Amino acid sequence: MAAPILSTLFFGFVIRIYLFNTPIAKWCAGNNEITTPITSWKRVTEGLSLYNSGISPYAGDIFHETPLILKFFNYTVKKMPGLVDLIFVLTDILTAFVLERSVKFISQYMALQQHKRERQFAKDAEKIKISFDDLMWRRVYVVLAYLFNPYTIATCLAKSTAVFNNLAMAGTLLFSIKARPNRRVAMFCLAIAAYQSLYPVMLLAPAAICFVQNDLGFKFKWTSLIAIKSVARTCGWFALWMSGLLLWSFWIEKSWNFLYSTYGFVLTVPDLTPNVGLFWYFFTEMFEHFRLFFVCVFQINAFIYTVPLSIKLKDHPVFLMYILMSIIAVFKSYPSYGDTTLYIALLPVWYFTFEFQRNSFVIGCMYISTTVLAPILYYLWIYAGSANANFYFAVTLVYNTAQIFLITDILFAFLKREYHLIHGLKPKDYDGKPGVVQLE
Amino acid sequence: MGLLTNPTSRATIVGSITRHNNKICFLCYVVGLSWFLALAYQELNAGTYFSENALLPGLVRSQFYGDSEAEGYYSQLKSELNKDKNIMPVKWIYNQFMDLGLDVYIHNFTFRYPLKIFGEKQIPGQNVYAIMRASRAASTEALVLTVPFRTVTTVMDKTHGGLALMLTMANHFRKSSYWAKDIIFVVTEHEYIGMQAWLDAYHETKSELISSNSLEGHGGSIQAAINLEVPTNKISSFDFRLEGLNGQLPNLDLFNLVVRISRQEGFDVLLKEQHDPYHPETFEGYLQNLKTMFLMMWTQAPGSANNNHGVFLKYNIEALTLVGKKEKGKHAQGYGPMGRTVEGIFRSLNNLLERFHQSFFFYLLPSTSRYVSIGLYMPPFAIMVAGSLIKAVAMWISCTETVEEGVSTEKEKKETDQANGESVQKNEVKDHKEEKEEERKGLLSVIPILFITQLFGLLAYFSPDFFVDLGMPLHLHVAEAVHYGMLALFLSSLAMPRFLKRSLSEKSRPDWKLLKCVSLIVQGLVLFSIALMNISLAFFLAAVMVPVCVAMWPSNNRVVQILHASFLLLISPFLLLYITVVANQMMTEKVADVASLLVQSWDHMKTPLILGMVESQLLGSWTYCVICLGIFPNWLAFWCLIWIGS
């Protein structure tokens, strides 16, 4: 088991180092689908030079990364300028490793959960049960899907700071699901992720559920005092780390101005550079006096799914975390391919839902075609001047539709499998005829 | 969610696709192809019109009557050229502009051909350009008039008439006070390479093979450019060249403008040297239109820069070429009308308030007064390619269905066996797992083949330099070395299935249906991507590739297999290029003997090959790259498919 994983990690490392020396790296760095105003490396270097010439990088509209990232890169770029590329590559490899560990613990967790629930299952549910070995074997796929996904490679080559966010999110997953979950470290990872891009705050819900399950086992009452205490402790740790990070930033920056340039920038969406998300086109078309209202609507839309999903999937926190990760990638204000990498990498974990999925072919085709067409239409619009914004927007719209199809498809497949586990593979309707499970 | 999750409506669609896919594919192709060809018929396309009102074409009275002055320049130029037949009279041109009182500059550049065509030699070149400053604005915008300089000994059409006209126009323009845009007159050496060097210097971009001095004089941002190629002092008609680098076309408004003004001055307007039919509604008229449209697509498809205007388009500058023609039996006109045409065009362009942005950038022209816009030609093209996508869906369904059938029969078996006890059941579970494993192997098993085919594509893309080095000790000419090298690479790629068959065990070989499905999807994607940039190339490729690729399957029957293989070979990129050259040869020259035609074409085939590589490195054309990395690997996947399956 270790050999294929290690060799994958090694080849992932080699291919990145090799590609860094080709023109592809430069192309990636300037590509709108791969970098955003927040994560682009060009802006980080701008911010650094402002910082070094004694001007606050947050005074203007160029730099939107957090003070800690600024400080970190200020240090590395000055002390070891040759190693900057390497840092990005190693972060990617580390993320892959963290994901691999996570899948190991997810397998243990799910095997345990299935074992505990086995008595409720229908007789013929044997077939759709997961096997621990199968799931463990998926680790190789996860590492492969992360390291050899063109999206991940491109994000790394572009030196997009999204790679750090991915690492923090993967860390959250790992430390929430570990055999001996570590609340402090998990919350620290989550705080870093949320500190950097705000939206991962949503992952607090599944993490909290994980810790409650860990404290009380799979059967418990949500209203019991211990459960509430556990949730409170999780939230408390998160708040503690988060405020620690913010205070540290304040200490570096000596002012709170960075808050508006980072979180304000994320929430109010002032930069409408085209990207793969849904915000830019909508807000370029919008009359200014409706702007505030629709910004609120769009942002609430991004966060609101946490509530119904947490209620529906309260027994499956890992899956909930997975779905929320993909929702962040779709609805955040400045998304890029870097955000999709994490949930695409974790797709093999849910192999047992694949046979219930209906649209994998269509979704696959949509992903591939939009990835190819987006740069072409961007070229025609911006450089050749012969196409216009609508062409590019159409492609990003299809891309987001594909993502949403994937989320709904996998969610539906998961729930359908749950239904079949309890009711058997051939459920009957009220008349005793063979029924059809259908999403209404 | 309807269609996507409702199992019943889904089942009906899936059912009908699997049952009728062959008929649907055939119908799609035939309908798409004939619809596309029918677009040249007058009732199915639209008449050109001015979308940009600011142009106000032909509304001013022309003031140009400098016929004699132009004739003077023409005769002076002729005597100047006869002094030394092989060089450009830079000094003379410089002095003429100087005498007119314009800002004149000489732009020096050197360039090197890729592939060591002339060794590592740096070839020097000089462009002369003069800027007439606008009297009504602060040099923020500019228009360009260019003439490519050709020596007396050139094999191409001469351009001396155009050069004399340009000098006269410069003199005429500078006397007027209404100019709101700078007018830059450029005389280029080495055809579009000189133009590219000048544009590089003007926009301060760098290119690898062309190095040039920075320009001393600048104007504003260039709005439009006209390239003049007039051979003598008397012409009867203008032929328009639109097709630029990577199949880009200038804004249709610019074309309309040029056509309108030339017509107004009494010139015949030609497109691809074809006249507009008198009765476009008749069948003969349709055929004439179709011929014009076909010729236009034929020129656009290679994505070559063709003339000076071709490189402007890359910089988002609308540009086209006016070629003067002297036709037999037609009344030839002198410099007066020619000058008034150029004057009219420039005065209209001078009226522009914004960049060209109205009208169309993607169109095909069946005649000078009709156009087929992107909205009209995309549906038939999409229907044509839809065949391959439908087949891909059918392939996918038949792949997954066999697995599903397996599951259901197994389920039934399980039900009957349930009484036999648990031990059987355990076996069943194991079987099921194995089966699933096989299914999963499916998608991954396609990857090695796709990877190897892509590797061949990369090899084809990067190897020309290697072939040239290899040919050096054998005293092969560069073009020959590349030609034979490519042939060798192509032939070795043909042996790939044999190699694969040997190295892959029966189990790890991919399901041919899956391979076909993936390849068809890639094909559709590649064709659509090309269509967005260069519809002509995409159309020709789709017209030959789609029907053959859709019909391919690995047959056990030897005859059928060989039939498939020969069809596939016919549409292989290498042979396709050969066929194109043969067709081109047939169109341009009358060769009676078939054998000599084939031999000649084989010889001529080097030219487009080497030209594609040179343009890709010198000017940034994408055709060579797209063929190597898109079309060739895809074709190779089909080639593997017919040998490897069954």
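Side chains are part of it too, since the values below use all heavy atoms of this structure and drop only hydrogens, waters and symmetry mates. Throughout, protein chains are lettered first and strands after them, A, B, ... in sequence-line order, and every chain is numbered starting at 1. Here the structure is a predicted model, which is why all the values come from computation and not from measurement.
The contact between Tyr379(A) and chain B is made entirely by side chain atoms (from C-beta outward), counting heavy-atom distances below 4.5 Å. The contact between Ile368(A) and chain B is made by backbone and side chain atoms together, counting heavy-atom distances below 4.5 Å. Both the backbone and the side chain of Leu532(B) come within contact range of chain A, with heavy atoms under 4.5 Å apart. Proximity to chain A (any heavy atom under 4.5 Å) is shown, for Phe356(B), by neither the backbone nor the side chain.
Taken from CE in Met533(B) to CD1 in Ile376(A), the straight-line distance is 7.5 Å, to the nearest 0.5 Å.
Of all residues in residues 385-394 of chain B, those placing a non-hydrogen atom less than 4.5 angstrom from a non-hydrogen atom of chain A are Ala392(B), Val393(B). Heavy-atom proximity under 4.5 angstrom to chain B picks out nothing from residues 388-403 of chain A.
Remark: His115(A) NE2 is loosely packed, at most 12 non-hydrogen atoms of other residues, nucleotides or ligands lying under 6.0 Å away. The environment of Tyr383(A) atom OH is sparse: at most 12 non-hydrogen atoms of other residues, nucleotides or ligands sit within 6.0 angstrom.
Inter-residue side-chain proximity for Phe361(A) and Ile521(B) is flagged as met; some heavy-atom pair is nearer than 4.5 Å. Between Trp396(B) and Val362(A) the shortest side-chain heavy-atom distance does not fall below 4.5 Å.
Between Phe362(B) and Ala387(A) the shortest heavy-atom distance is CE1-N, 4.3 Å.
Per-residue counts of heavy-atom pairs under 4.5 Å with chain B were compared for Ala384(A), Ser386(A), Gly385(A); the largest is that of Ser386(A).
In this view, Arg417(A) satisfies the side-chain hydrogen bond (donor to acceptor under 3.5 Å, both in side chains) rule with no residue, not counting sequence neighbours. Under the rule for a side-chain hydrogen bond (donor to acceptor under 3.5 Å, both in side chains), the partners of Ser536(B) that lie at least two apart in sequence or sit in another chain are Gln300(B).
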